[in-house]
Every structure is written in C-alpha cells, then in structure tokens.
A.B. asks: 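Handing you this structure, nothing more for now.
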Amino acid sequence: MDVKLDPSRDDLPLMANTSHILVKHYVLDLDVDFESQIIEGTIVLFFESGNRFKKRSSSTEVACLSESNEACKFRMPEPCQIPVTNTKTFSSKIGYNDFVICGKGEKDTSGKDGNHDNQEQASGISSSKYCCDTGNHGSEEFLLVLDCCDISVLKVEEVDVAAVPGIEKFTRSPKLRNQIVHELVALPADRWREQLDYYALCSQAPGCGELLFDTDTWSLQIRKTGAQTATDFPHAIRIRYRTKPQGRSVTWTSDQSGRPCVYTVGSPINNRALFPCQEPPVAMSTWQATVRAAASLVVLMSGENSAEPTQLREGYSSWHYYVTMPMPASTFTIAVGSWTEMKPEICSSNDLATERSFSPSEADFRYVGVCGHMEYPCRFQNASATTQKIIPHRVFAPACLKRVCQETLLPLIPPCLSAAHSVLGTHPFSRLDVLIVPANFSSLGMASPHIVFLSQSTLTGMSQLCGTRLCHEIAHAWFGLAIGARDWTEEWLSEGFATHLEDVFWAKAQQLAPHEAREQQKLRACLRWHRLQDEVQNSPEEMQVLRPNKEKTGHVSDSGSSVIRHGLNPEKVFMQVHYLKGYFLLQFLAKTLGEDTYFSFLRKFVHTFHGQLILSQDFLQMLLENIPEEKRLELSVGNIFRDWLESSGIPQPLQRERQALAECGLAQQVSAEVAKWVRVNRRPRKRKRKDREEVFEKLLPDQLVLLLEHLLEQKTVTPRTLQSLERTYHLSEQDAEVRHRWCELIVKHKYTKAYRDVERFLQEDQVSFIFQQMGILKTLFLTMQYA
C-alpha cells in the first residue's frame, strides 16, 4: 500500500517504518522550563528488528515527505577513527568491534537559539519508496523513520551499551551492542526490575558515533553509514531534542488558581510533538522517564509507581515513573503543575486493606490460562490482583478545588472502581491517579495508563455527571488501553465500549435495584438517540462510518506507514458518532444474547485479548461463536459490518427500536412535564383566577436534560416561562450537561436576564465543544454582542 498524502486533505500520516524495526522501550530524561515553555532533554530508544527484514530490497519502503521528490539530503558528520579502550569504563572514548565509524558534529546549521528546526515542507508524500542515494557508492542504507513534528532535534547518536558495567551477563558476545540490546529486551517478565535498571544504565552510557538525521513536517529520519539493514542499524540510539512552545502535543497554560502548568492534551497528533516515537499502535513499548522541574511543582505521568520527588540542587526536584506493560506511545501522558493531593478527611483501615497495591515483584503468579499477549508482569496472572476490587488511587487538583473534590469526587472513586471490577474482573492497571485539569481542556475526561484527566465541569451540580464520566474513563482501562484498536479508524472499539459500560458501572456504583437500573439506562439511551439524530443530520456522511476503510481496515504499507482518514479534521474532535453508534451496537448485541450471557462473554473476551490490539472482526467473531444457534438469527460478521459499521446514518436495526426508547417510564414522565410547560408558556400574562397552578415533579439530571431538549424544539418560549423554569429547577446550579441546554434556551430566545449564566458557562466549562459541534457558539457570541 503506497502512502500518499494530499496537503489539501485532512488525513493524518503515521510515518514510522514499524514493519522493519520496532521500539521496545523508551527512556526519557527531561527538564521542564516554564519560563521558555520548553521541555528539553534526551530520549533513548531500544529497538528490535523484524526477522523478515534481514535483506533489503532495492528501494527502502518509507515515505519521503519532500515536495520535489529529490533524494533526501542528510546532515553528514565527519568520520573519525576511535581507538580501542577499556569497554568497562564510561569514557568518552569507547572501543567497539561491531561498528567502527562515529560522527563528529557537522558544521553548525542551527538557528540563533541552537535549534535544528524541522524543515517546514509541504506534507505531500510523493511515494512510499524512499530513494536516498547518500553517496555510499550507489548502495542504499537502512533508514529509520520516526513520527515527529514541532520538535527541534539537536543530536542523534548511537549508545555504547557495551560500556555498561555488568552488561556482559546478558550476552555471550559482550562487545556486540545489538546483541546486548536483543538480550535485554527479551528478559523474562519476572526480571522486570533488573531490566528497568539496566535500561537506565544503558541510557546513561556514552555515545559512540553521531548518526545522520533529517527532519520534515511529520517525521525524523535517521541512518548510519554502512548499515544497510534493520539488523545492522544501531539498536540503542539517543536523541537530544527540545519541544517548541507551540507544539501541538502539550498545552502550556494556567490552572484554576492562576499558576502555570503544562499537560498533554490528547491532541490528534498524539505525542509526536512531545518526543520522537513510533506512533502506529502496533509499536507497543514500555517506558521509564525522569522529569526535573521546580521543587514547587508536582509531576504526574503514566506510570505504575506512585512517584515521590527527589530533591536536587536548590529549588529543583526530579520525578521518576515507569511502565512494564507494553502499550502504544500515544497512550503516554504527563502533567506538570502546582497540583495538591486531595485526601479524604477520614480514611478507614478497611479501605487501606482493600486498596493495598500489588507490585509485580510481589506477584503470586498462578496461571489461570495462558495469556495471548507478549510477556510482561500481567495482573491477570496475579492471584492477589485478580481479587482486588479497589486499586490504590490519588486525586490531584489546584488547591482552590479542594472542598468540591472532597465532597464530590473522592467518595465516588471506590464504588466506581469496585463496580468496574464486579463487571469485568481484574483491573488491568495497579493504581490510578485522577487529575482535575485546567479550564481550557476541551473534553470532559481523558484516560491514559494509571492516570485519568477530569474536567472541572464534572464537579458541579449533583454527582451524576462526575460519576458517569469517571465510570467512562475507568472503562477505558479495559477498552482503549489494555485492549486497543489495531486501526485507529475503529474508534468505536474504545469509545463505544466505554459509553456502554459507563451506564452499567454507574448503576452498580449507586447500588440501584435491577428495575431502577434498567429505567435509568433506558433514559440515557433515549438521550443518546436524540444526540445521534442530531449528529447524522449535521455531519458529513463519510464521517458517520465506524469502519471507513472497510476491507482494508488494519492494512499498512510494506514499511508499516499508513494514513488515518480525517485524522486532522477539526470537526472530528467534536463528533460523537463513534461513541453513540458503538454504544447502540453493543446494546443491540447484549439484548440479542441476554445480559447475563453477554457480560459473561465480555469477561471471557477481556481475559483472552488483554494486552493486545484488535480489529472489529476479532470481537464479533468471538462473540458469534459464543451465541447459541437459536439466538443467532441472521447475525453474522458481514451483516453487522453492513448494518452498523460500514454505513452512514442511523442503522436499520436501531430505527426499529425507536418506539421502545420512547416508552421508557422516566422519559414518559418528562413528556408529561413538557406538556405542563407548554401550557404555561401559552397562558396570557394576566391569567384568569380559575386557572390552577401547575405542579411540577422533581426530575433527575438526565430528565432535566431531556426536558430542556424538548423545550428547545418550541418555536417560542417567553421570558416569563424561562424565569419560571430557572426558579423551579435551579438550572444555574445544575451540572454542566443541564446548564449546556439551559444556555441554548437562553441564546435561542434572547433571554438577556440570564446572559451571565452563559458567560459563566463559557468561561468555566469545557463542554463548550458541544456548542461548536452544533454551530451554536458563533450564534451565541453574535447574539450577546448585539443584544
């Protein structure tokens, strides 16, 4: 598959040549500078080359991002001979036998700030054949391609891992650096601690030769003179780099207390503007990171350990995190700021016993069936971890949010974690940090390994929004992280599952009776039906398809590079079709099987596929194999693809369920209340005495959302009615979902007395992205400007 990128389109390129060579581990060593808004340091990458790429073909199959399609021009260090010295000392002069040429820095081509800036070329990919004649007498050399943008790369060098004391115990050939790395990455899971220690030691080893490199809009390309195959290419390299203040992977901003902070934002380009990496999901790796920042700051990160700061020189501290479960580099998350840990005022000894952390070193491995993933210290094989209902957790936020976190968020985490365990079993991750992110975060939440970001918008009103969103992000631990989509276009495998499971977890966390849980879930299904209708009416048909690549889903070029369709489309960020259609598909399947059978299967699926990447057919085929013949009806993978995943609009099976959704008891109660408000709205200002007052029922938050959505369909709602609405339900004090609809009513009917509510909503709540999706934000500003 040739990768071709049209600069006028909105596709996102994944450039890394993962079919040739894979990163197995990253070691990051970084400094965070708030004055310059730069993160600077080194990253060491440890590779494993693919067995089927011992010999190279006549052209290297990697995309070249050059406008002119010329041979790529590399920075050429001058060769120098290195004398052989004692390989057991960390000296700047290192002996080696397998590579004998090293680089001595080329003529300085940096700008005044010392940066080698990315060349801002057009992002058109002319060919997936990277024809680079580097002057090596016509022969071609292996080219390592990493995903990279908005980064200044300063230096790339091979790391002399053979110089690490004690490294010889990993290999029979202690002078062959690639063999050492091969043995290191292949260590068994029960030696994970030793492996991490030696990764750290290797990352600090001296360099033994600069490598040729070049950058363009989307990638960093590296080669070594004379290395013609991935097997010959250095398997441990160090890149010195710095981010740019405008880099799209992180946001420099201020928290709710006005203090500076920086965090990863879940950007469409993921982490390639934070560190050079292999972005394709297939490049599953582990990592460890040391981050230095001012001593007043707290560093949170995707890591298995609850890191504590180490004091450095006066005024600075370092934080160290690590991960032993291989995952895509896109899941890495970092947040640095003046966060305060929020602790409950009372903590019982029972809670502490339940939440005791089980590290891999304590693992009582009892194999309950062989896992299908690559080897790592797996909690599913740890007898103690499998029974742990509530994993250790911490909550961080700006100090000004302490009270609301203690009252709203902290009490919800244990029941939500316990509910998730009761449904799906073993928690894939050993601990959880929850961070209340700054007000400019454009979503209600984001899940990464061991850490969840939540919007401050979830903390207002009753606990409904906070609880459901927390459950949604917890569900991603299984679907989205422990089990990931092999093709990023199949987002429904993450978001559809999390949306479906948030209702199930939340009902259990509230300890609702079965009939109450069913009614609550039917009401939420009714709300989602309304949203899906709006989505299909107001979005391009091609963006409503859950499996847009159809039979080519999961396909990549020979090098491993690929293109994510519409990955850079700004509208895509605001669309919910993958959440909604995915949710309704899973509801449909659960109803077909029966809930007991369905959730029993889901636990089996999780146990089978955790730690792996999947496509839609992996889930559907296993599901259909577990459906009894009499319940299978006309279900097949092909039919589900046709009806649910590969067509735009509302799926036919779902349209037949429309009436059933409207018959929900809680929804019918809302319909009765809507009728009352319509009558109130039609009454003249001076009523006759015989007109009796309407008595309004108390409504749940989701019912209020549905009520306001129905009232939005009214052509006219008088200021008197709007005032009565606010007084009856205290709408300005409700959660963000309710206030969002209330603001729509205010704007639609130019209710100027409540414009302050709209102003507050736009300033404090991150759900304003919904306004953008529905085309309301622009109208809102214009209305307020000319009111």
Side-chain angles (χ1 to χ4, degrees), residues 342 344 351 354-355 389-391 393-397 401-424 427 432-437 441 443-447 451-480 495 497-514 516-528 531 576 579 583 666 698-706 730 733-741 765-767 770:
M342 306 296 171
D351 289 339
T354 305
E355 298 175 16
K389 297 179 181 179
I390 304 171
I391 57 176
H393 51 274
R394 306 182 298 179
V395 173
F396 292 86
L401 298 177
K402 180 177 180 179
R403 183 187 61 80
V404 69
C405 283
Q406 287 181 331
E407 292 177 357
T408 304
L409 178 56
L410 279 169
L412 291 176
I413 298 177
C416 290
L417 288 171
S418 181
H421 180 274
S422 71
V423 176
L424 295 180
H427 287 282
L432 176 67
D433 282 341
V434 179
L435 172 66
I436 304 300
V437 286
F441 189 58
S443 176
L444 287 175
M446 184 177 78
I451 186 169
V452 161
F453 290 173
L454 280 185
S455 159
Q456 68 177 29
S457 299
T458 64
L459 302 178
T460 56
M462 299 170 64
S463 62
Q464 166 83 10
L465 181 57
C466 188
T468 53
R469 196 65 203 191
L470 181 61
C471 286
H472 182 100
E473 304 308 335
I474 288 173
H476 276 312
W478 285 268
F479 292 95
E495 298 301 349
F497 273 96
T499 305
H500 173 52
L501 289 167
E502 76 178 59
D503 292 355
V504 180
F505 292 177
W506 182 232
K508 287 186 175 292
Q510 296 174 93
Q511 299 182 334
L512 297 180
E516 290 179 305
R518 282 193 297 273
E519 279 296 298
Q520 189 181 87
Q521 289 168 16
K522 286 179 181 178
L523 175 62
R524 292 179 68 78
C526 188
L527 282 169
R528 290 177 180 131
R531 291 172 194 170
Q576 301 179 66
Y579 296 73
Y583 158 81
L666 292 175
K698 185 176 181 180
L699 299 178
L700 299 170
D702 282 337
Q703 287 181 299
L704 280 176
V705 171
L706 187 59
H730 306 287
E733 300 171 14
Q734 296 290 338
D735 68 34
E737 293 277 13
V738 175
R739 286 184 289 113
H740 155 224
R741 273 72 176 187
D765 291 285
Q766 293 90 353
V767 285
I770 303 175

A.B. asks: Taking Ser418 for the side chain and Pro415 for the main chain, is one N or O donor matched with an acceptor at less than 3.5 Å?
C.D. replies: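 Side chain of Ser418 to backbone of Pro415: no pair is present.
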
A.B. asks: Where do Leu501 and Ala475 come nearest, in terms of heavy atoms and distance?
C.D. replies: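 Nearest heavy atoms, Leu501 then Ala475: CB-CB, 4.0 Å.
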
A.B. asks: In the structure I gave you, are the side-chain heavy atoms of Glu737 and Leu444 within less than 4.5 Å of one another anywhere?
C.D. replies: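 Touching, per the 4.5 Å side-chain cut-off.
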
A.B. asks: Is the shortest side-chain heavy-atom distance between Phe505 and Leu424 below 4.5 Å?
C.D. replies: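 They are in contact (side-chain heavy atoms under 4.5 Å apart), so the answer is yes.
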
A.B. asks: Would you say Gln464 and Asp702 are linked by a side-chain donor-acceptor pair, where the criterion is simply a distance under 3.5 Å?
C.D. replies: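 Side-chain D/A pair, Asp702 to Gln464: present.
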
A.B. asks: Taking C-beta and beyond as the side chain, do Leu523 and Gln703 meet within less than 4.5 Å on heavy atoms?
C.D. replies: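 Yes - at least one pair of side-chain heavy atoms lies under 4.5 Å apart.
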
A.B. asks: Can you tell if the side chain of Tyr579 reaches within under 4.5 Å of the side chain of Arg531, non-hydrogen atoms only?
C.D. replies: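 Side chain of Tyr579 against side chain of Arg531, heavy atoms only: no contact under 4.5 Å found.
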
A.B. asks: Do Glu473 and Cys416 have side chains that approach each other closer than 4.5 Å (heavy atoms only, starting at C-beta)?
C.D. replies: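 Not touching, per the 4.5 Å side-chain cut-off.
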
A.B. asks: Does the His427 side chain pair with the main chain of Lys389, one donor and one acceptor, at a distance under 3.5 Å?
C.D. replies: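 Yes; at least one donor-acceptor contact below 3.5 Å.
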
A.B. asks: Could you measure the distance from the CG atom of Leu409 to the CD atom of Gln456? Nearest 0.5 Å is fine.
C.D. replies: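 Here the rounded value is 13.0 Å.
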
A.B. asks: Applying side chain to side chain donor-acceptor pair (under 3.5 Å) between Thr460 and each of Arg739, Glu733, Gln734, report the one that passes.
C.D. replies: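 For Thr460, the side chain to side chain donor-acceptor pair (under 3.5 Å) check succeeds only for Arg739.
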
A.B. asks: With the threshold set at 4.0 Å, does a side-chain nitrogen-carboxylate oxygen contact exist between Asp503 and Arg528?
C.D. replies: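 Looking at Arg528 together with Asp503, the answer is yes, because their closest N to O distance falls below 4.0 Å.
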
A.B. asks: Verify side-chain contact (heavy atoms from CB on, under 4.5 Å) between Ile474 and Leu417, making sure each step is shown before the conclusion.
C.D. replies: CA-CA 7 Å; Ile474 288 173; Leu417 288 171; 3.8 Å; yes

A.B. asks: Could you tell me if the side chain of Arg524 sits less than 4.5 Å from the side chain of Glu502, heavy atoms only?
C.D. replies: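 Glu502 reaches Arg524 side chain to side chain.
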
A.B. asks: Taking Gln510 for its side chain and Trp506 for its backbone only, find out whether a donor-acceptor pair lies under 3.5 Å.
C.D. replies: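 Present.
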
A.B. asks: Side chains of Glu495 and His472: does their closest heavy-atom pair fall under 4.5 Å?
C.D. replies: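 They are in side-chain contact.
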
A.B. asks: For residues Leu666 and Glu519, report the shortest heavy-atom separation together with the two atoms involved.
C.D. replies: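 Closest pair (atom of Leu666, atom of Glu519, distance): N-OE1, 3.2 Å.
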
A.B. asks: Keeping His740 on the side-chain end and Asp765 on the backbone end, is there a donor-acceptor pair under 3.5 Å?
C.D. replies: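 No.
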
A.B. asks: What class does the angle between the rings of Phe479 and Phe497 fall in, given that below 30° is parallel, 30 to 60° is tilted and above 60° is perpendicular?
C.D. replies: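 Ring orientation of Phe479 relative to Phe497: parallel.
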
A.B. asks: Got a second to check how far Arg518's CZ is from Leu512's CG, nearest 0.5 Å?
C.D. replies: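 Reported to 0.5 Å precision, the distance equals 11.5 Å.
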
A.B. asks: Of all the heavy-atom pairs spanning Leu459 and Thr408, show the shortest one and how long it is.
C.D. replies: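 Closest approach of Leu459 to Thr408, heavy atoms only: O-OG1, 3.8 Å.
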
A.B. asks: Do Arg469 and Leu454 touch side chain to side chain, with heavy atoms closer than 4.5 Å?
C.D. replies: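 They are in side-chain contact.
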
A.B. asks: Any chance you could measure Cys405, atom SG, to Ile436, atom CD1, to the nearest 0.5 Å?
C.D. replies: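 Here the rounded value is 4.5 Å.
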
A.B. asks: How far apart are the closest heavy atoms of Ala509 and Ala419, and which atoms are they?
C.D. replies: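 Closest approach of Ala509 to Ala419, heavy atoms only: N-CB, 3.8 Å.
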
A.B. asks: Measure across Ser457 and Ser455 and return the closest heavy-atom pair with its distance rounded to 0.1 Å.
C.D. replies: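 That would be N-OG, 2.8 Å.
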
A.B. asks: If you compare all heavy atoms of Leu401 against all heavy atoms of Met342, which two are closest, and at what distance to 0.1 Å?
C.D. replies: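 Closest approach of Leu401 to Met342, heavy atoms only: C-CE, 4.3 Å.
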
A.B. asks: Got a second to check how far His421's NE2 is from Ile391's CD1, nearest 0.5 Å?
C.D. replies: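 One finds 10.5 Å between NE2 of His421 and CD1 of Ile391.
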
